[in-house]
Novice: 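Have a look at the structure that comes next, please.
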Amino acid sequence: MQKLIRDADLNDMSFLQHRDKTVCFTGHRTEKFLDKPLYSDKVTICGVKTLLTLMTADAYDRGARYFITGMARGVDLWAGELLLYMKRFLPDLHIIAAVPHKGHEYSFRGSEKELLFSVAEASDAVVCTSESFSKWCFLVRNDYMLRYSSAVLGVIHENEGGTAYTLRKAAQLSIPRRIIDVRDYRYMIPMLERFPETYRMTMASQRYAFWEKNPRLLYQCGLFKED
């Protein structure tokens, strides 16, 4: 049977010594972004994934080399999908998978489960932060990611849940936050109107190529905040 969590001696834990070059992701699950959006599901998801690509590629451009993903549905796995692509041609990029509990993979199905295992297989380290599921295990995972990160990359749709907790905790710990806020989808209209190709880009390679052509768009779109 395929294992999500590998033996500890197979992990490269060098990220623990490079907090200054480590960032982590936080963001909502897929369904949160589809709660009464102004666009179709496909356009909404493609738009959010494009913005996430802009922020992730920008983080690498600014010196981040270690990227921690919490391995949940939505933003975590979308980031993982992008990192899988970037790792092909950026040999100094490292992926760290922070799994919230043993058996995490049992709630995944189909293509999402395939992506989950693909990200884990390509990760330099797969760390499980709780022995079993509990109502606190995802927060324990979030605390772990923050402990070893110099910045948190967040994509938010609402101010609640684990994502809001992580961003509040980052502020309390004086960890810089880089946030894409899509709570009001109308702010995405200028970007979608100017770059209609963004909601037709279904592959990570297409979105990364878009960032290469528009590296400053993240700072121009009005959806990005940094503290």
Novice: So with a 6.0 Å cut-off around CD of E121, is the heavy-atom count from everything else above 12?
Specialist: no
Novice: Say you draw a straight line from OH of Y219 to NZ of K225; how long is it, rounded to the nearest 0.5 Å?
Specialist: 16.0 Å
Novice: Using a 4.5 Å cut-off on heavy atoms from C-beta on, say whether the side chain of Y66 contacts that of L16.
Specialist: no
Novice: Quick one, W78 and V155 - any side-chain contact, counting heavy atoms below 4.5 Å?
Specialist: no
Novice: Can you tell me how far CG of L167 sits from CD1 of I175, rounded to the nearest 0.5 angstrom?
Specialist: 10.5 Å
Novice: Let me see the working for V48 and H157 under side chain to side chain contact (heavy atoms under 4.5 Å, CB included), right down to the final yes or no.
Specialist: CA-CA 10 Å; V48 172; H157 178 263; over 6 Å; no
Novice: So, are K102 and E131 salt-bridged, with charged N and O less than 4.0 Å apart?
Specialist: yes
Novice: For a 4.5 angstrom cut-off between non-hydrogen side-chain atoms, does L51 reach L54?
Specialist: yes
Novice: Check whether L84 and F210 end up in the same hydrophobic cluster, where Ile, Leu, Val, Met, Phe, Trp and Tyr are linked by side-chain heavy atoms less than 4.5 Å apart.
Specialist: yes
Novice: With a cut-off of 6.0 Å (strictly less than), are more than 12 heavy atoms of other residues, nucleotides or ligands near NZ of K32?
Specialist: no
Novice: Could you check whether atom CE of M203 has more than 12 heavy atoms from other residues, nucleotides or ligands sitting under 6.0 Å from it?
Specialist: no
Novice: Has T69 got a side-chain atom pairing as donor or acceptor with A97's backbone, closer than 3.5 angstrom?
Specialist: no
Novice: Give the intermediate values and the outcome of side chain to side chain contact (heavy atoms under 4.5 Å, CB included) for residues L153 and I180.
Specialist: CA-CA 8 Å; L153 312 182; I180 292 174; over 6 Å; no
Novice: Mind checking whether L83 and V119 have side chains closer than 4.5 Å, heavy atoms only?
Specialist: no
Novice: Verify the cluster assignment for M55 and I179: are they in a single hydrophobic cluster under the rule of side-chain heavy atoms below 4.5 Å apart?
Specialist: no
Novice: To the nearest 0.5 Å, what is the distance between OG1 on T166 and NZ on K169?
Specialist: 8.5 Å
Novice: Any heavy-atom pair between the side chains of V75 and F33 that's under 4.5 Å?
Specialist: yes
Novice: Is the shortest side-chain N to carboxylate O distance from R207 to E81 below 4.0 Å?
Specialist: yes
Novice: Roughly how far apart are K87 NZ and L93 CG, rounded to 0.5 Å?
Specialist: 6.0 Å
Novice: Minimum heavy-atom separation for I96 and S123, please, with both atom names.
Specialist: C-OG, 4.5 Å
Novice: Show your reasoning for whether side chain to side chain contact (heavy atoms under 4.5 Å, CB included) applies to E31 and R73.
Specialist: CA-CA 9 Å; E31 57 270 19; R73 296 174 60 248; 2.8 Å; yes
Novice: Using the rule that two of Ile, Leu, Val, Met, Phe, Trp, Tyr join whenever any of their side-chain heavy atoms come within less than 4.5 Å, decide whether V23 and M71 are in one cluster.
Specialist: yes
Novice: So, for S149 and M145, which heavy atoms are closest and what is the spacing to 0.1 Å?
Specialist: OG-O, 2.7 Å
Novice: Which atoms form the tightest heavy-atom contact between M201 and T198, and what is the distance?
Specialist: CE-CA, 3.3 Å
Novice: Treating Ile, Leu, Val, Met, Phe, Trp and Tyr as nodes and any side-chain heavy-atom pair under 4.5 angstrom as an edge, say whether I45 and I189 lie in one connected cluster.
Specialist: yes
Novice: Donor-acceptor pair, D12 side chain versus S14 backbone, under 3.5 Å?
Specialist: yes
Novice: Among F133, Y144, W136, whose ring-ring contact (aromatic ring centres under 6.0 Å, His included) with H101 holds?
Specialist: F133
Novice: If every non-hydrogen atom of R6 is compared with every non-hydrogen atom of A120, which pair is closest and at what distance?
Specialist: NH2-O, 2.8 Å
Novice: When hydrophobic residues are tied together by side-chain contacts of less than 4.5 Å, even through go-betweens, does Y148 share a cluster with Y60?
Specialist: no
Novice: Within the distance-only criterion (no hydrogens, no angle test), does the side chain of D124 pair as donor or acceptor with the backbone N or O of I95 below 3.5 angstrom?
Specialist: yes
Novice: Quick check for you: to the nearest 0.5 Å, what is the distance between H28 atom NE2 and R183 atom CZ?
Specialist: 8.0 Å
Novice: Looking at R177 and G154, would you say the former's side chain and the latter's main chain have a donor-acceptor pair under 3.5 Å?
Specialist: no
Novice: Evaluate the side-chain proximity of T129 to C137: yes if any heavy-atom separation is below 4.5 Å, no if none is.
Specialist: no
Novice: Going by the angle between their ring planes, with limits at 30° and 60°, are F67 and F25 parallel, tilted or perpendicular?
Specialist: parallel
Novice: Could you report the tightest heavy-atom contact between T53 and L82, atom names first, then the distance?
Specialist: CA-CD2, 3.6 Å
Novice: Hey, does H104 have a side-chain heavy atom less than 4.5 Å from the side chain of F138?
Specialist: yes
Novice: Got a salt bridge between E112 and R29, using NZ or NE/NH1/NH2 to carboxylate O under 4.0 Å?
Specialist: no
Novice: If you measure from CG on N214 to SG on C221, what distance do you get to the nearest 0.5 Å?
Specialist: 11.0 Å
Novice: Test side chain to side chain contact (heavy atoms under 4.5 Å, CB included) on F15 and H94 and set out the steps.
Specialist: CA-CA 8 Å; F15 71 95; H94 304 271; over 6 Å; no
Novice: Determine whether Y208 and E212 make a side-chain contact, defined as any pair of heavy atoms from C-beta on separated by less than 4.5 Å.
Specialist: yes
Novice: Please find the pair of heavy atoms, one from L139 and one from G162, that lie closest to each other, and give the distance.
Specialist: CD2-CA, 4.3 Å
Novice: Less than 6.0 angstrom separating the ring centers of Y85 and F89, yes or no?
Specialist: yes
